[in-house]
Participant: 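For reference, the structure I am asking about is given below.
Source: prediction; values computed, not measured.
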Amino acid sequence: MTDILVYALHHEGAINKNSLGAVSEGARLAGELGGACHALVLGARDALPDDLVATLGAYGAERVYRAEGPDGLAQPVVDAMARVMRAGGHGYALFGGGLLGFEIGAGLAARLDAGVCMEVTAVRVEDGALVAERPILQDSQVASVHYRSSVGVIIGRLNAFEASEQAGATAEIEDVEVEFEPHSLQATMVTRGEQRGADVNIEDADILVAGGRGLGKAEGFEQLEALAGALGGAVAATRAVVDAGWYAYAAQIGQTGKTVAPKLYLAAGISGAIQHKVGMQGSENIVAINKDANAPIFEFSDLGIVGDLNKIVPRLTEAVRARRA
Ligand SMILES: Cc1cc2nc3c(=O)[nH]c(=O)nc-3n(C[C@H](O)[C@H](O)[C@H](O)COP(=O)(O)OP(=O)(O)OC[C@H]3O[C@@H](n4cnc5c(N)ncnc54)[C@H](O)[C@@H]3O)c2cc1C
């Protein structure tokens, strides 16, 4: 069973970039295994026209399973992938990363009694089977994960797999009917919106203004964006606020996010947990604003300001603007 099934996320008439990367990676691996790479898309029928679906072929999918169902939710995709994989005998499921991929992959592994490996940065073929590589111990080592189960689930880190397009190639489309589990239809999509900070490239910034739970709410980031704008830097975030949906995962610093070493790291409303520290401790200058004088972040800051960030950050922004002018 060497065929690979990739979940292809779509939004507003386009297939997600990480999903395209996973399809290309799936095609490469399936080629080495002597199998095929297939993709699965799920959504409203009119959101998935033939030409959109067939473009997955240009990235390496030989066949695309198109299922009609609720869009953007994990459990219906678990149902659809489990149905296709059971019928098609696929040996592996591959995801390009992102929060939805984590949720679907974990649910699928439970459903199929499969082994699962997350945060995968590379996959190779060894003795006719896939081996996933996953950084561990704060990314200082790489673990090679072998699958003992008959089905393996592989969930990549964001941007781990590169999308490569072969112009002109298209995939055959197979429409599948999925009977959803009653619990899979319990959740509904209320609204979808742009996530603040999703397009930032924080690894390249010399100055980072990072925000944590001390900001109180998503809108608290507006003042950090103003300060970062005045300083010519970018905005970063802790996992606590990313998990709360206040800021994009792309901006997360730490053990399960990015590692950065800017010239200036200004932390506002961040306690300084070890999992955050490992991602920013290499910064040249660390400045922390926290209302708790005993916050751990002051133990590794070059400059500490004890006080309410809501008062300090706007005044700092004004001072920087005045100086620059
Ligand atoms: C396996 C694992 C992996 C993890 N990976 C990461 C990771 O990659 N990145 C990461 O960041 N975390 C990670 N965490 C979570 C980490 O342990 C902390 O929970 C998280 O970093 C805390 O985020 P925070 O500092 O925003 O929130 P909190 O710890 O809640 O701190 C908020 C701070 O804001 C201060 N504050 C409140 N109001 C104000 C105000 N008005 N003005 C000034 N200060 C104020 C408070 O005094 C407090 O110190 C991970 C955890 C685990 C278990």
Participant: Would the distance check show the side chain of Arg213 and the main-chain N or O of Ile270 forming a donor-acceptor pair, the cut-off being under 3.5 Å?
Facilitator: no
Participant: Are any of the side-chain nitrogens in Arg63 or Glu172 under 4.0 Å away from the carboxylate oxygens of its partner?
Facilitator: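 So Arg63 pairs with Glu172 through a salt bridge.
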Participant: Apply the test salt bridge (Lys or Arg N to Asp or Glu O under 4.0 Å) to residues Glu318 and Arg315: give CA-CA distance (whole Å), side-chain angles for both, the deciding distance (0.1 Å), then the verdict.
Facilitator: CA-CA 5 Å; Glu318 267 173 43; Arg315 290 180 67 178; over 6 Å; no
Participant: Looking at every non-hydrogen atom in both residues, tell me the closest pair between Ser24 and Ser164 and how far apart they are.
Facilitator: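 Scanning both residues, the minimum pair turns out to be OG-N, 2.9 Å.
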Participant: I'd like to know whether Glu174 forms a side-chain hydrogen bond (donor to acceptor under 3.5 Å, both in side chains) with Tyr65, so could you lay out the CA-CA distance, the side-chain angles of the two residues, the decisive distance to 0.1 Å, and finally the verdict.
Facilitator: CA-CA 5 Å; Glu174 185 174 326; Tyr65 296 98; 4.6 Å; no
Participant: Are Val131 and Val123 close enough that some pair of their side-chain heavy atoms sits under 4.5 Å apart?
Facilitator: no
Participant: For side-chain contact (heavy atoms from CB on, under 4.5 Å), just list the numbers for Leu94 and Phe161, CA-CA rounded to whole Å, side-chain angles, deciding distance to a tenth of an Å, and then say yes or no.
Facilitator: CA-CA 11 Å; Leu94 180 64; Phe161 308 128; 4.0 Å; yes
Participant: Does Glu165 CD have over 12 foreign heavy atoms under 6.0 Å away?
Facilitator: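 Above 12, so yes.
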Participant: Roughly how far, to the nearest 0.5 Å, is the CD1 atom of Ile154 from the CD1 atom of Ile4?
Facilitator: 6.5 Å
Participant: Are the side chains of Phe300 and Met280 in contact, using a 4.5 Å heavy-atom criterion?
Facilitator: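 In short, these two side chains touch, coming nearer than 4.5 Å.
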Participant: Output yes when a side-chain donor or acceptor of Tyr7 lies under 3.5 Å from a complementary backbone atom of Leu42, and no otherwise.
Facilitator: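 Side chain of Tyr7 to backbone of Leu42: no pair is present.
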Participant: Side-chain contact test, heavy atoms from C-beta onward, threshold under 4.5 Å: evaluate it for Tyr92 versus Leu33 and give yes or no.
Facilitator: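 Yes. Closest side-chain heavy atoms under 4.5 Å.
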Participant: Is Thr121 reaching over with its side chain to a backbone N or O of Ala160, donor-acceptor style, under 3.5 angstrom?
Facilitator: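 No: the side chain of Thr121 does not pair with the backbone of Ala160.
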Participant: Does any non-hydrogen side-chain atom of Val306 lie less than 4.5 Å from one of Asn290?
Facilitator: no
Participant: I'd like to know if the side chain of Asp3 and the backbone of Ala36 have a donor-acceptor N/O pair within less than 3.5 Å.
Facilitator: yes
Participant: Mind running side-chain hydrogen bond (donor to acceptor under 3.5 Å, both in side chains) on Asp308 and Asn310 for me, showing each step along the way?
Facilitator: CA-CA 5 Å; Asp308 182 354; Asn310 297 305; 3.1 Å; yes
Participant: Under 3.5 Å, side chain of Arg134 to main-chain N/O of Val142, donor-acceptor pair present?
Facilitator: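 No, the answer is negative, given that no donor and acceptor are paired below the 3.5 Å cut-off.
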Participant: Could you grab the distance from atom CD of Glu179 to atom CZ of Arg83, nearest 0.5 Å is fine?
Facilitator: 9.5 Å
Participant: Is the backbone N or O of Pro135 less than 3.5 Å from a side-chain atom of Arg157, with the two atoms forming a donor-acceptor pair by type?
Facilitator: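 Pair absent, no side-chain N/O of Arg157 close to backbone of Pro135.
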Participant: Measure the spacing between CG of Leu208 and OG of Ser283 and express it to the nearest 0.5 Å.
Facilitator: 7.0 Å
Participant: Near Gln166 CD, under 6.0 Å, is it more than 12 heavy atoms from other residues, nucleotides or ligands?
Facilitator: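 No, because the 6.0 Å sphere around CD of Gln166 holds 12 heavy atoms or fewer from other groups.
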Participant: Using side-chain heavy atoms (C-beta onward) and a distance below 4.5 Å, is Leu20 in contact with Leu56?
Facilitator: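 Yes - at least one pair of side-chain heavy atoms lies under 4.5 Å apart.
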Participant: How far apart are the C-alpha atoms of His183 and Gln75, what are their side-chain angles, what is the distance that settles it, and do they pass the side-chain contact (heavy atoms from CB on, under 4.5 Å) test?
Facilitator: CA-CA 8 Å; His183 69 259; Gln75 283 305 319; 3.7 Å; yes
Participant: Quick one, His38 and Met85 - any side-chain contact, counting heavy atoms below 4.5 Å?
Facilitator: no
Participant: Please report the C-alpha distance between Thr256 and Arg239 in whole Å, then the side-chain angles of each, then the deciding distance to 0.1 Å, and finally whether the side-chain hydrogen bond (donor to acceptor under 3.5 Å, both in side chains) criterion is met.
Facilitator: CA-CA 8 Å; Thr256 43; Arg239 177 167 169 174; 3.2 Å; yes
Participant: Begin with the C-alpha distance, continue with both residues' side-chain angles, and end with the deciding distance and a verdict on side-chain contact (heavy atoms from CB on, under 4.5 Å) for Val287 and Tyr265.
Facilitator: CA-CA 6 Å; Val287 176; Tyr265 192 89; over 6 Å; no
Participant: Mind checking whether His10 and Asp71 have side chains closer than 4.5 Å, heavy atoms only?
Facilitator: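 Answer yes - side chains close enough.
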Participant: Let me confirm one number: the NZ-CD distance from Lys311 to Gln223, rounded to the nearest 0.5 Å.
Facilitator: 12.5 Å
Participant: Using atom types as modelled and distance alone, determine if a side-chain donor or acceptor of Asn285 lies under 3.5 Å from a backbone N or O of Lys263.
Facilitator: yes
Participant: Quick one: do Lys291 and Leu309 satisfy side-chain contact (heavy atoms from CB on, under 4.5 Å)? Show the steps, please.
Facilitator: CA-CA 7 Å; Lys291 68 177 184 185; Leu309 67 90; over 6 Å; no
Participant: Which distance, rounded to the nearest 0.5 Å, do you find between the CG of Leu52 and the CZ of Arg66?
Facilitator: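 Leu52 atom CG to Arg66 atom CZ measures 9.5 Å (nearest 0.5 Å).
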Participant: Would you say that Arg124 contacts Glu126 through its side chain, given a criterion of any heavy-atom pair below 4.5 Å between the two side chains?
Facilitator: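 The answer is yes; the side chains approach within 4.5 Å.
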Participant: Is the CD atom of Glu119 crowded by more than 12 outside heavy atoms at less than 6.0 Å?
Facilitator: yes
Participant: At what distance, to the nearest 0.5 angstrom, does CG of Leu108 lie from CG of Asp113?
Facilitator: 11.5 Å
Participant: For Ile15, does its backbone N or O pair with a side-chain atom of Ser19 as donor and acceptor, under 3.5 Å?
Facilitator: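 Side chain of Ser19 to backbone of Ile15, a donor-acceptor pair under 3.5 Å: no, none is there.
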Participant: Between the side chain of Ser301 and the main-chain N/O of Ile297, is any donor-acceptor distance below 3.5 Å?
Facilitator: yes
Participant: Please give the remaining members of the hydrophobic cluster of Leu73, linking ILVMFWY side chains under 4.5 Å, ordered by chain and number.
Facilitator: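 The other cluster members (ILVMFWY side chains, heavy atoms under 4.5 Å, direct or chained) are Met189.
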Participant: Judged by atom type as modelled, is there a donor-acceptor pair below 3.5 Å linking the side chain of Ser149 to the main-chain atoms of Val151?
Facilitator: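 Yes.
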